[in-house]
Amino acid sequence: MLIKSHRLCSIAIVEAGLIVTNVYLKSPVSDVLLLLATGVGAGLPDIDHYNSTVSRKSPINFSLFLRHRGITHTLLGWLIFTGVLYFLMNLVLPIQLRPFKFDPWNSVWLGLIMGYFLHLLEDSFSTQGVNWLMPFHKANTRGRFFRYKVGGSFEKMLAFIAFVLILAMTAYALGNILVLNI
Ligand SMILES: [Zn+2]
């Protein structure tokens with residue numbers, strides 16, 4: 001998937017989670033941060049791609065020593081990212097993990113790691129697939145029921161649907177928040 005599609009699809013999935021669980025009514029500021037961080041996190045694994053948007057913005061081009069869809073596209077890569085980010089963010093402000101209790105700082109961390117994870121999940125359904133268990137296992141996971149081509153028309157359609165869903169869910173959430181505050 002292209003970075004824009006990753007961002008849109010991941011944000012739509014997380015926003016749907018917020019709506020279904022009604023969490024969004026508790027802390028709108030944390031929700032917005034969660035969704036923005038999801039969008040950023042969803043772009044990060046492609047830091048291993050020479051010409052990706054994240055690589056071009058990064059001061060170091062990581063693709064020079066990372067193979068595309070290598071370590072950044074594995075469960076281990078995600079766990080390392082999650083742990084290192086937790087450690088670094090905790091140096092600035094402590095992250096308190098409590099289920100369904102989001103404060104803004106937690107939301108940034110959670111959004112970044114969820115966005116990253118969803119990127120891998122979305123890539124799993126592409127024709128190239130993702131090797132989740134590398135270096136312990138060799139085969140790539142690919143979509144069994146359907147596979148899409150990166151940058152193809154199916155992906156574009158999916159990104160468009162995600163975009164429409166985000167608009168609809170945001171309007172719904174805003175409507176509910178307004179009603180509650182009147
Ligand atoms: Zn990717």
Side-chain angles (χ1 to χ4, degrees), residues 1-49 52-58 62 72-126 130 132 155 158-182:
M1 265 191 186
L2 306 173
I3 190 160
K4 206 165 87 187
S5 320
H6 274 303
R7 290 200 166 125
L8 289 169
C9 292
S10 306
I11 290 175
I13 293 169
V14 173
E15 192 169 4
L18 289 175
I19 301 268
V20 169
T21 52
N22 267 334
V23 171
Y24 71 96
L25 292 169
K26 293 185 186 121
S27 168
V29 176
S30 297
D31 297 339
V32 172
L33 283 172
L34 182 78
L35 295 176
L36 288 176
T38 300
V40 174
L44 291 179
D46 280 347
I47 204 146
D48 61 2
H49 189 287
S52 67
T53 316
V54 255
S55 287
R56 277 184 268 128
K57 281 189 188 145
S58 159
F62 287 94
T72 62
H73 284 66
T74 62
L75 202 56
L76 185 67
W78 178 73
L79 285 172
I80 293 171
F81 172 72
T82 299
V84 169
L85 190 68
Y86 184 80
F87 174 76
L88 291 177
M89 284 180 69
N90 249 315
L91 293 178
V92 185
L93 265 178
I95 297 177
Q96 283 141 12
L97 296 176
R98 281 164 301 168
F100 295 108
K101 285 236 162 90
F102 298 131
D103 69 46
W105 196 236
N106 277 6
S107 297
V108 171
W109 177 74
L110 203 62
L112 287 169
I113 66 162
M114 283 202 295
Y116 193 117
F117 187 84
L118 288 169
H119 177 118
L120 302 190
L121 204 64
E122 290 147 9
D123 271 356
S124 300
F125 291 100
S126 69
V130 158
W132 283 88
E155 181 188 319
L158 214 60
F160 179 72
I161 294 172
F163 179 65
V164 173
L165 283 175
I166 291 169
L167 290 183
M169 288 188 288
T170 307
Y172 171 81
L174 284 176
N176 275 350
I177 290 166
L178 281 177
V179 168
L180 278 180
N181 286 320
I182 285 171

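Values below: every heavy atom of this structure, side chains too, minus hydrogens, waters and symmetry copies. Positions are given from 1 along the sequence.
Expressed to the nearest 0.5 Å, how far CG of D123 lies from CG of D46 amounts to 6.0 Å. Within the model, atoms CH2 of W132 and CG of L121 stand 5.5 Å from one another, a figure rounded to the nearest 0.5 Å.
Checked by atom type and distance alone, the side chain of E15 pairs as donor or acceptor with a backbone atom of T170 at under 3.5 Å. Of the possible donor and acceptor atoms, one in the side chain of T72 sits under 3.5 Å from a partner among the backbone N and O of P45. Within the 3.5 Å criterion, the main-chain N or O of L120 finds a donor-acceptor partner in the side chain of S124. For W105 (side chain) and L93 (main-chain N/O), a donor-acceptor pair under 3.5 Å exists by modelled atom type.
With contacts defined as side-chain heavy-atom distances shorter than 4.5 Å, the pair M114/I13 does not qualify. Put simply, the side chain of I80 reaches to within 4.5 Å of the side chain of V84, judged on heavy atoms. Residues W78 and T82 have side chains in contact (heavy-atom distance under 4.5 Å, counting atoms from C-beta outward). Taking the side chain as every heavy atom from C-beta outward, V164 and F160 approach each other to under 4.5 Å.
Across L118, V40, L35, a single residue satisfies side chain to side chain contact (heavy atoms under 4.5 Å, CB included) together with S10, and that is L118. For the side chain to side chain contact (heavy atoms under 4.5 Å, CB included) with L88, the qualifying choice from L91, N90, V92 is L91, the only one to do so.
With a 6.0 Å radius and a threshold of 12 heavy atoms from other residues, nucleotides or ligands, F163 has its CZ atom at or below the threshold.
Note on ring orientation: taking the six-membered ring where Trp is involved, the planes of H119 and H6 are parallel (angle under 30°, cut-offs 30° and 60°).
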